[in-house]
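As a basis for the values below, the full set of heavy atoms in this structure was taken, side chains included, without hydrogen atoms, waters or symmetry mates. Residue numbering restarts at 1 for every chain, and letters A, B, ... go by the order of the sequence lines. In this text, all values refer to a predicted model and were calculated from it rather than measured experimentally.
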Amino acid sequence: MASDTLTLATRAQIEAIAPTEPRWLLDRRIAALEESASLQLPMSKQTKIGEAAFVQADAPKLPQVTFEGAPQGVILMDLDQAVREHADLLQPYLLQVAERQNLLHAQHAALTKGGFFCYVPKDQELTEPVRATFHFPKDGYYTPHVLLVAGERSRCDLIVELVGVDGGAPAINGGVEVVVSDGAQVQYIEFQRLPGKAQGHWSRRAAVGRDGKLTWILNDVGARLQVADTRTELRGDGSDSRVFATFFGGRRQHFDFRHIAVHVGQHTTSDTEARGVLQGKARAVYNANTIIRPHATGTSGWQHEHTLMLSETARADLVPELEIDEWDVKAGHAASAGPVDPMQLYFMMARGISEIEARRLIVFGFLSSLLDSIPLESVREQIAQIFHEKVEA
Amino acid sequence: MARPVLDIRGFRVGIEGREIVKGLDLTVRGGEVHAIMGPNGTGKSTFASALMGHPAYEVLSGTVTLDGRDVLEMAVDERARAGLFLAMQYPAEISGVSNANFLRTALNARREENDPVPVLKFHKELKEKMAGLSIDPTFAERYVNEGFSGGEKKRNEILQMAVLQPRIAILDEIDSGLDIDAVKVVAQGVNDMLSENFGVLIITHYQRILNYIHPTNVHVMMQGRIVRSSGPELAEQLEARGYDWLRQELGIEEPLPQEA
């Protein structure tokens with residue numbers, strides 16, 4: 001789609017969103033707006049991103065966010081409140097964590113509205129997960145933002161849920177920024193359970209400091225169209241990133257996911273593991289890219305993507321990529337997409353298990369090695385339960 | 001519950017347009033052990049698979065009833081829940097699903113949704129049954145048949161039978177590839193279940209297993225039909241003399257060397 005038919009963000013829109021915002025934030029929005037002139041929509045051969053509802057920059061509405069479990073010392077609050085009360089903590093990072101690569105990133109930054117800020121002070125180790133849930137109303141355009149800053153040597157698990165209302169059709173262009181300071185350990189867990197007509201673009205960017213560790217645990221089962229990219233920059237030496245991505249699409253759902261690990265520091269490690277299940281006429285496009293920058297010696301980057309097809313009409317495109325500019329590295333990928341083995345179904349049914357229950361067991365088995373790697377039992381169980389419910393006869 | 005009866009009449013089965021089982025009559029009742037013997041490629045395994053409802057096979061005609069209920073009308077899982085069990089020659093592997101989880105799901109499929117088998121009771125009984133079959137306790141948590149040796153797969157089939165307590169079990173070459181000790185263990189597992197409420201149909205190539213599971217009836221299958229039925233002495237005759245004398249006696253031409 002040619003950009004002249006897109007409704008781009010305007011300065012008037014920005015000023016309408018944020019009449020009372022501090023100058024530094026307004027300047028960042030304007031900078032993003034200016035960048036958008038030279039940026040394109042994300043490229044995808046298989047996804048008509050230009051026709052998605054979230055591309056058109058309407059006046060954004062405010063989604064509700066509810067919080068749970070922030071202990072003493074941790075800041076967990078609406079983003080606009082945090083901008084007023086904790087500007088010193090946000091200002092170094094907000095809309096700054098990683099370079100914007102496409103028009104949707106820029107549009108999100110220019111028009112962002114709502115969302116939350118989570119801050120874990122240095123050396124504080126959280127023993128229980130912190131939770132935040134986005135509730136998207138029936139319709140409208142939303143541009144929420146999440147900023148998680150984990151101080152040096154802190155530990156934190158954040159569980160974010162994206163939910164809507166039955167029959168809802170929100171259009172979302174959201175963004176997540178995660179800052180893992182030196183020596184910090186963060187698990188960012190997300191459950192995307194948007195209603196069946198929702199369309200979302202969700203961009204996650206993270207910077208990991210020296211010896212920091214970031215684990216993304218991502219579960220996508222909702223939305224008619226969900227486009228998401230996750231970019232982790234391993235900037236500090238010895239930093240580590242893991243991705244455990246699961247998705248389950250049915251009917252005519254369309255997913256387009258991209259996971260990017262950028263190795264900048266030396267002795268950095270990344271491992272991306274994705275397991276997807278598709279049924280009906282669902283379609284998934286899954287890209288993984290491991291980028292190893294010059295001088296990032298002693299690094300290793302791995303990708304494993306597997307998709308199980310429960311119907312003949314589902315389709316998966318898996319595109320693993322490696323971009324390596326350094327010799328002293330270890331990197332590789334494995335990808336597969338395949339149907340359920342009819343002999344497995346027959347065998348289980350011959351033991352009295354119904355076909356749908358047999359499919360559920362096969363799906364559970366398909367996920368199990370990934371689930372076994374997730375250290376949080378409640379998250380494992382939630383993913384297993386979501387998949388169990390999603391299997392259709 | 002009344003004694004089980006599996007009744008097979010005029011059963012004809014084909015695959016890809018080729019008729020393999022060409023009209024077969026057989027009745028198996030609780031307390032009986034029937035052995036179907038015969039050379040390779042005579043349709044024994046096709047017969048067993050078609051009884052269970054294997055999707056590759058097409059039933060061309062005939063009737064099969066279990067306790068008076070029409071088996072051929074039932075889906076594979078309904079046949080199993082009605083009390084039919086097939087120990088398979090080549091059971092599937094199910095990655096990521098433990099034996100215990102699989103068996104518990106299969107047991108719960110036979111119960112009301114709101115009345116699942118109590119977990120602790122299940123594990124206790126599973127442990128006992130595994131011990132009875134000389135199966136290592138780690139078996140319960142291994143993924144179904146994944147990485148199992150041939151012998152382990154066969155024992156696992158018998159373990160499933162012991163846990164699921166079918167009314168009629170069909171053992172399709174349960175003895176093939178087993179050493180003599182394993183044959184004894186498998187036979188013990190079957191013998192422990194024998195009662196008026198349980199009937200067995202053993203499909204085998206060799207007489208050996210019949211030294212440990214004593215058949216009440218022995219049938220010989222050739223070219224898609226049962227050509228002779230008798231008592232246990234028939235198995236001994238076949239062991240001693242092979243099949244050729246029977247072919248000659250019946251005027252059967254050499255079969256095509258083809259595995260069904």
- Message: Taking side chain as everything from C-beta outward and backbone as N, CA, C, O, which of these in A/Tyr346 sits under 4.5 Å from a heavy atom of chain B? Side chain, backbone, both or neither.
- Response: both
- Note on the structure: Closest heavy-atom pair, A/Leu371 versus A/Arg380, reported as atoms and distance to 0.1 Å, is O-CD, 2.9 Å
- Query: Charged N to carboxylate O below 4.0 Å: is that the case for A/Asp317 and A/Arg283?
  - Reply: yes
- Where do B/Ser176 and B/Lys154 come nearest, in terms of heavy atoms and distance? OG-NZ, 3.3 Å
- Message: Please determine whether a side-chain nitrogen of the Lys or Arg among A/Arg242 and A/Asp240 lies less than 4.0 Å from a carboxylate oxygen of the Asp or Glu.
- Response: no
- Is the CZ atom of A/Arg251 crowded by more than 12 outside heavy atoms at less than 6.0 Å? no
- Task: Please list, in residue-number order, every residue in residues 103-112 of chain B that has a heavy atom less than 4.5 Å from any heavy atom of chain A; write 'none' if there are none.
- Result: B/Thr105, B/Ala106, B/Ala109, B/Arg110
- Locate the shortest heavy-atom distance separating A/Thr290 from A/Gly301; write the atom from each residue and the value. CG2-CA, 4.0 Å
- On the 0 to 90° scale, with breaks at 30° and 60°, tag the A/Phe257-A/Phe255 ring pair as parallel, tilted or perpendicular. parallel
- Fit a plane to each ring of B/Phe47 and B/Phe11, take the angle between them on a 0 to 90° scale, and name the class: parallel (under 30°), tilted (30 to 60°) or perpendicular (over 60°). perpendicular
- Message: Report which part of A/Ser369 has an atom under 4.5 Å of a heavy atom belonging to chain B: side chain, backbone, both, or neither.
- Response: neither
- Would you call the rings of A/Trp216 and A/Tyr188 parallel, tilted or perpendicular if under 30° counts as parallel and over 60° as perpendicular? perpendicular
- Item | Sidechain N-carboxylate O distance under 4.0 Å for B/Glu58, B/Arg18 | no
- Residues passing the side chain to side chain contact (heavy atoms under 4.5 Å, CB included) test with A/Ala358, sequence neighbours excluded, are A/Leu345, A/Met348, A/Ile353
- Query: Out of B/Asn101, B/Val144, B/Leu84, B/Asn145, which one racks up the most heavy-atom pairs below 4.5 Å with chain A?
  - Reply: B/Asn101
- Task: Quick one: which of B/Gln160, B/Glu93, B/Glu78 has the most heavy-atom pairs under 4.5 Å with chain A, could you say?
- Result: B/Gln160
- Are A/Ile386 and A/Gln382 side-chain neighbours, meaning at least one heavy-atom pair lies under 4.5 Å? yes
- Residues, nucleotides or ligands: over 12 heavy atoms within 6.0 Å of A/Lys281 NZ: no
- Under 4.0 Å between a Lys/Arg side-chain N and an Asp/Glu carboxylate O for A/Glu357 and A/Arg360? yes
- Query: What part of A/Asp372 gets closer than 4.5 Å to chain B, counting heavy atoms only: side chain, backbone, both or neither?
  - Reply: side chain
- Which atom of A/Ser378 lies closest to which atom of A/Arg131, heavy atoms considered: OG-NH2, 4.4 Å
- Message: Does A/Thr127 form a side chain to side chain donor-acceptor pair (under 3.5 Å) with A/Arg155? I'd like the steps, not just the answer.
- Response: CA-CA 8 Å; A/Thr127 51; A/Arg155 291 186 73 149; over 6 Å; no
- Task: Decide whether B/Gln188 and B/Asp192 meet the rule of one side-chain donor and one side-chain acceptor closer than 3.5 Å.
- Result: yes
- Considering only heavy atoms, give the residues of residues 62-74 of chain B separated from chain A by less than 4.5 Å, sorted numerically, with 'none' for an empty result. none
- Interface check, chain A: of B/Met161, B/Met52, B/His54, most non-hydrogen pairs under 4.5 Å belong to B/His54
- Item | Segment of B/Leu86 engaging chain A (4.5 angstrom heavy-atom cut-off) | both
- Under 4.5 Å from a heavy atom of chain A, the part of B/Tyr90 involved: neither
- Name, in order of residue number, those residues of residues 123-132 of chain B that have a heavy atom at a distance of less than 4.5 Å from a heavy atom in chain A; otherwise write 'none'. none
